[in-house]
Number of protein chains: 2
Amino acid sequence: MPRPRSLTHAQLASAALAVIDRDGLAGLSMRAVAKELGMSTMALYRYVDDRDQLEQLVVELVLGEVDTEPPGPEVPWRGRVEIMVGRLRDSVGAHPEIVPLTLTHRHRSPAVLRWSEVVLTILADAGLRGGQQVIALRGLLGYVIGAVQLEHLGSLSAPGTVAISALPPDRFPQLSATAQRARRIGADQEFSGGLDMLLRGMAEMLADGAGLPPDGLPDR
Amino acid sequence: MPRPRSLTHAQLASAALAVIDRDGLAGLSMRAVAKELGMSTMALYRYVDDRDQLEQLVVELVLGEVDTEPPGPEVPWRGRVEIMVGRLRDSVGAHPEIVPLTLTHRHRSPAVLRWSEVVLTILADAGLRGGQQVIALRGLLGYVIGAVQLEHLGSLSAPGTVAISALPPDRFPQLSATAQRARRIGADQEFSGGLDMLLRGMAEMLADGAGLPPDGLPDR
DNA sequence: ACCTGAACACCGTTCAAGT
DNA sequence: ACCTGAACACCGTTCAAGT
């Protein structure tokens, strides 16, 4: 008589995320997750092929919470992009330890695909042409990924910025002055300031039709 | 009679980098590096406190090759930023497996500090004010980091893009159309297109003095 | 002082065995 | 069918010992 499955993928993912939130990404192991669930290590392999797939489940648990409902058309396109980017950043930012996992597993995540689809729709709506859309989407994704990592690593009690503040001002005049100022700028302000830079650039590209490849890549 | 040191830090770093270039970052281990050098594993601990410090040496070996000579003033400031960003991307791009290491060890790298100092000088030269400089520098660093990772992961025989091309066009119309086009856009074009977006945004910020925090953060 | 090898506490995963 | 525990081939690092 077949015993019923005692575990769902969701429970597995939650247990793994709990381990990560408690002990960091370095603390994630098949053994740790099994202990978290009160099962033997090998029992996990009933539900998952290998560690890689467990990681995929964690990524999907976190990214699956990103609201991918398109913002209303009454919001200007730049505002809509800001909303979508903000949602992604908030979800990942709530579990910054998983950032390295999202990088490796991003292409397989339905949530990221849905998110990308909505952002592309907004960009197309705004009037960006084919080649520009690709560049803009990768630019946005690249910015979010990079910024979240800088933020996460740079703010572990900000060892970087503190160390930089202590640099010899004669050899690094700009850097030490900037580090002083950087401490007064919050992470949110930094993030939205950089995003603003990107969006301004996009709007300008839109205005003068730049960003097309030199050979005049066709639009479809 | 004290034996002479048989190893320099540079040799150690080269051996580790050789392991990484051959077997990937996952193949890096104290044992692997020791074997590469023909020594016992524990001999490495004569030269390095722990694995973390070995990684730091690798990062410095790669980033130390970045030319941080400021480009001549005859080049417009945007061009100078492009040159500096390009140098960083080229060095890291030559050993993409180390990207995760640069993230963790970046704040301790003299090479990155020198690079940042030069870029900040260019930005100050261009007329960006204090708060804007911080945002612009982090924006640039974030973009490079994110873009290099997307490029590296996304181009391992491009499993992501290929998978995306195979998506059901009815559920992901924008994405599948975009994936088709993305295959015709080279990595360099993507990178410089995104960078161009950022630089346009910076130039615009410069023009109208935006990016200052709401409370009017003073310039020094 | 430099280098070694055994040992400890960890990994992911395979495999044979229990219910 | 579901779950277990021993075992294998790995880690980083400590420690005592050799030259």
Side-chain angles (χ1 to χ4, degrees), chain A residues 1-61 97-98 100-105 108, chain B residues 1-61 97-98 100-105 108:
Chain A
M1 183 193 295
R3 284 196 229 164
R5 303 206 131 205
S6 68
L7 220 57
T8 65
H9 272 179
Q11 287 172 301
L12 228 176
S14 303
L17 187 58
V19 171
I20 292 172
D21 285 341
R22 184 176 0 100
D23 303 324
L25 185 57
L28 180 67
S29 73
M30 301 302 277
R31 285 168 167 89
V33 174
K35 181 174 281 183
E36 180 82 15
L37 290 164
M39 308 178 77
S40 82
T41 304
M42 293 318 299
L44 301 186
Y45 288 85
R46 284 281 123 199
Y47 301 91
V48 112
D49 281 344
D50 50 20
R51 181 190 163 123
D52 195 69
Q53 202 181 331
L54 176 64
E55 291 178 354
Q56 177 74 37
L57 289 178
V58 174
V59 170
E60 214 39 38
L61 175 64
E97 290 280 334
I98 69 150
L101 300 185
T102 62
L103 279 172
T104 333
H105 298 282
R108 283 176 282 165
Chain B
M1 184 193 294
R3 285 196 230 166
R5 302 206 132 207
S6 68
L7 220 58
T8 65
H9 272 179
Q11 287 173 301
L12 227 176
S14 303
L17 187 57
V19 170
I20 292 172
D21 284 342
R22 184 179 357 102
D23 303 324
L25 185 56
L28 180 68
S29 72
M30 301 302 277
R31 285 168 166 89
V33 174
K35 181 175 282 186
E36 180 80 16
L37 291 164
M39 309 177 77
S40 81
T41 304
M42 292 318 298
L44 301 186
Y45 287 86
R46 283 282 124 199
Y47 301 91
V48 113
D49 281 343
D50 51 20
R51 182 190 160 122
D52 195 69
Q53 202 180 330
L54 177 65
E55 292 178 353
Q56 178 75 37
L57 289 178
V58 174
V59 170
E60 215 39 40
L61 175 65
E97 290 280 333
I98 70 149
L101 301 185
T102 63
L103 280 172
T104 332
H105 299 283
R108 281 175 285 165

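Below, read A as the first sequence line, B as the second, and so on, with proteins coming before strands; counting in each chain starts at 1.
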Peer 1: Return the value, rounded to whole Å, for the distance between atom CE of B:Met39 and atom P of C:dC2.
Peer 2: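 Atom CE in B:Met39 sits about 11 Å away from atom P in C:dC2.
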Peer 1: Nearest-Å distance, CG (A:Leu7) to P (D:dA1)?
Peer 2: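 Answer to the nearest Å: 18 Å.
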Peer 1: Do A:Asp23 and A:Leu28 have side chains that get closer than 4.5 Å, going by heavy atoms?
Peer 2: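 A side-chain contact is absent here, since even the closest heavy-atom pair is not under 4.5 Å.
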Peer 1: Any side-chain N or O of A:Ser6 less than 4.0 Å from the OP1 or OP2 oxygen of D:dC3?
Peer 2: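 For D:dC3, OP1/OP2 do have a side-chain N/O of A:Ser6 under 4.0 Å.
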Peer 1: Rounded to the Å, how far apart are B:Leu44 CG and C:dG5 P?
Peer 2: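 Checked: the CG to P distance equals 13 Å.
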Peer 1: Need the pair for D:dC8. Rule: Watson-Crick or G-U wobble, both distances under 3.5 Å, any strand; none if unpaired.
Peer 2: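 The base-pairing partner of D:dC8, which may sit in any strand shown, is C:dG12.
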Peer 1: Strictly by Watson-Crick or wobble contacts shorter than 3.5 Å, is anything paired with C:dC3, and which nucleotide is it?
Peer 2: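 In the structure as shown, C:dC3 has no Watson-Crick or wobble partner.
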Peer 1: Both distances under 3.5 Å, Watson-Crick or G-U wobble: report the partner of C:dA17, or none.
Peer 2: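 Its partner is none (no Watson-Crick or G-U wobble pair with both distances under 3.5 Å).
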Peer 1: Across the strands shown, which category fits A:Arg46 at heavy-atom distances under 4.0 angstrom: base, sugar-phosphate, nothing?
Peer 2: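 The answer is base, as A:Arg46 lies within the cut-off (heavy atoms under 4.0 Å) of a base atom.
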Peer 1: Take atom OH of A:Tyr45 and atom C1' of C:dA16, then tell me their distance rounded to the nearest Å.
Peer 2: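 Taking atom C1' of C:dA16 as the reference, OH of A:Tyr45 is at 17 Å.
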Peer 1: Drop me the distance from A:Ile98's CD1 to A:Asp21's CG, to the nearest 0.5 angstrom.
Peer 2: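 If we round to the nearest 0.5 Å, A:Ile98:CD1 and A:Asp21:CG are 9.0 Å apart.
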Peer 1: When all nucleic acid strands are considered with a 4.0 Å heavy-atom cut-off, which category describes B:Met42: base, sugar-phosphate, or nothing?
Peer 2: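 The answer is base, as B:Met42 lies within the cut-off (heavy atoms under 4.0 Å) of a base atom.
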Peer 1: Any side-chain heavy atom of A:Met30 within less than 4.5 Å of one from A:Val48?
Peer 2: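 Contact flag for A:Met30/A:Val48 side chains = yes.
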Peer 1: Report the nucleotide, chosen from D:dT4, C:dT13, D:dC11, that has the shortest atom-to-atom distance to any side-chain atom of A:Ala43.
Peer 2: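 Nearest nucleotide to the side chain: D:dT4.
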Peer 1: Whole angstroms only, please: what is the CE-C1' distance between A:Met30 and C:dT14?
Peer 2: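 So the two atoms are 13 Å apart, to the nearest Å.
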Peer 1: Closer than 4.0 Å, any side-chain N/O of A:Ser29 to the OP1 or OP2 of C:dC10?
Peer 2: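 No, because none of the side-chain N or O atoms of A:Ser29 sits under 4.0 Å from OP1 or OP2 of C:dC10.
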Peer 1: So which heavy atom on B:Ala18 is nearest to which on B:Glu36, and how close?
Peer 2: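 Looks like CB-OE2, 3.8 Å.
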Peer 1: Output yes when at least one side-chain N/O atom of A:Ser40 is less than 4.0 Å from OP1 or OP2 of D:dG5, else no.
Peer 2: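 For D:dG5, neither OP1 nor OP2 has a side-chain N or O of A:Ser40 closer than 4.0 Å.
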Peer 1: Less than 4.0 angstrom from a charged side-chain N to a carboxylate O is my criterion; do B:Glu60 and B:Arg108 meet it?
Peer 2: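 No salt bridge links B:Glu60 with B:Arg108.
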Peer 1: What is the distance, rounded to the nearest whole Å, between atom CG of A:Leu12 and atom P of D:dC2?
Peer 2: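 Taking CG of A:Leu12 and P of D:dC2, I get 14 Å after rounding.
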Peer 1: To the nearest Å, give me how far apart CG (A:Asp52) and P (C:dC11) are.
Peer 2: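 Rounding to the nearest Å, CG of A:Asp52 and P of C:dC11 are 18 Å apart.
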Peer 1: Could you give the CG-to-C1' distance, from A:Asp49 to C:dG12, as a whole number of Å?
Peer 2: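 These atoms are roughly 14 Å apart.
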Peer 1: Does B:Tyr47 put a side-chain nitrogen or oxygen below 4.0 Å from OP1 or OP2 of C:dC3?
Peer 2: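 Yes, B:Tyr47 has a side-chain N/O under 4.0 Å of OP1/OP2 on C:dC3.
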